[in-house]
Amino acid sequence: MNDDEKLKESNGLAERIWKIRDNIQELENVKEGIIHFLLSRKKLDDVTKNLWISDVKDFYYNTVSAWEMLNSTSKGNLKYLDDSKNFLHNARSSLAKVISEIKFFKEELVLNLITETENSFENCWSAFYNEFDILTPEIKSTKHIKRVIKVSDSEYHLPCSVCGKISVECKIGYGLFDDHESLVYSGITHSRSLKKNLASELFKILKKRDLSEVHLFMKDYLCDEGIDAYCPECDKIYCWEHYNARVEYDDGFYDCTMGECPAGHRRMIDD
Ligand SMILES: [Zn+2]
Ligand SMILES: [Zn+2]
């Protein structure tokens, strides 16, 4: 590609990213619509009302931040690409929360509001992903991605089988609230500390690179869902993005996180 073509291409990119602001403008109108709706409901106490309004704002401003990060990425700061994706995924989670909250009102108006909000976010989502796909450095081959990475005798990592991003860490160390050393698990939905004396058994399985056995181990000692980043049917690890993880809410309270792998296998990955 010569310099002229490069310039043309980067102009096209900048133009398209600028145009996403139209989608965001539409989202802002939707945000104002929901806030107006909540403010005008009489059967909602002020505390709840304010909480729910702040969730609506969360949803909107996460999308705005995603755009700002995308804009920086397009100017050559590729390190902001992940931030942009994170903000957009946070926006999707906040949206799920908002929808579960406004469903409290059994009014026909609510159904329209939900459809309108979902459609306008869907438009944003695909506009963003169109650019993400172009900007994400091409993964030439997944062959070089290891199933298990041994960092040291007391630390192992499991990378995403699609992009190589570290999705699970198992190590001896201190969890956030630990006052003594534990076996610390950090996955795509949560971190938790297990008894340190379980480490030798786990590390033995990790050494064999047997993910299904690690999954069973986690089902026994961590939680019913096992490794949150693992699809048992594919026998593969996926990061949050490639597991297409989605948080679900019930009346504004966290319900669970569902994952759907690139092959379409769906399961609950956190409860
Ligand atoms: Zn990935
Ligand atoms: Zn799968």
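First listed ligand is number 1; within each ligand, the first listed atom is number 1. Quick note: numbers below take in every heavy atom, side chains included, and nothing from hydrogens, waters or symmetry partners. These numbers were taken from a predicted model, which means no experiment stands behind them.
Geometry note: the Zn ion (ligand 1) is the vertex, Cys163 SG and Cys160 SG are the arms, and the angle is 110° (rounded to 10 degrees). Taking the Zn ion (ligand 2) as the apex, the angle formed with SG of Cys261 and SG of Cys234 is 110°, to the nearest 10 degrees.
The Zn ion (ligand 1) is closest to atom ND1 of His242 (considering only N, O or S atoms). Taking the Zn ion (ligand 2) as reference, the nearest N/O/S atom within His265 carries the name ND1.
Contact check for Ile20 versus Glu131: side-chain heavy atoms found under the 4.5 Å cut-off. Under the 4.5 Å side-chain criterion, counting only non-hydrogen atoms from C-beta, Phe104 is in contact with Lys43.
Ring centroids of Phe59 and Phe121 are separated by less than 6.0 Å, placing the two rings close together.
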- [ ] Walk me through it: do Asp235 and Arg147 pass the test salt bridge (charged side-chain N to carboxylate O under 4.0 Å, His left out)?
- [x] CA-CA 10 Å; Asp235 187 31; Arg147 275 168 76 77; 3.0 Å; yes
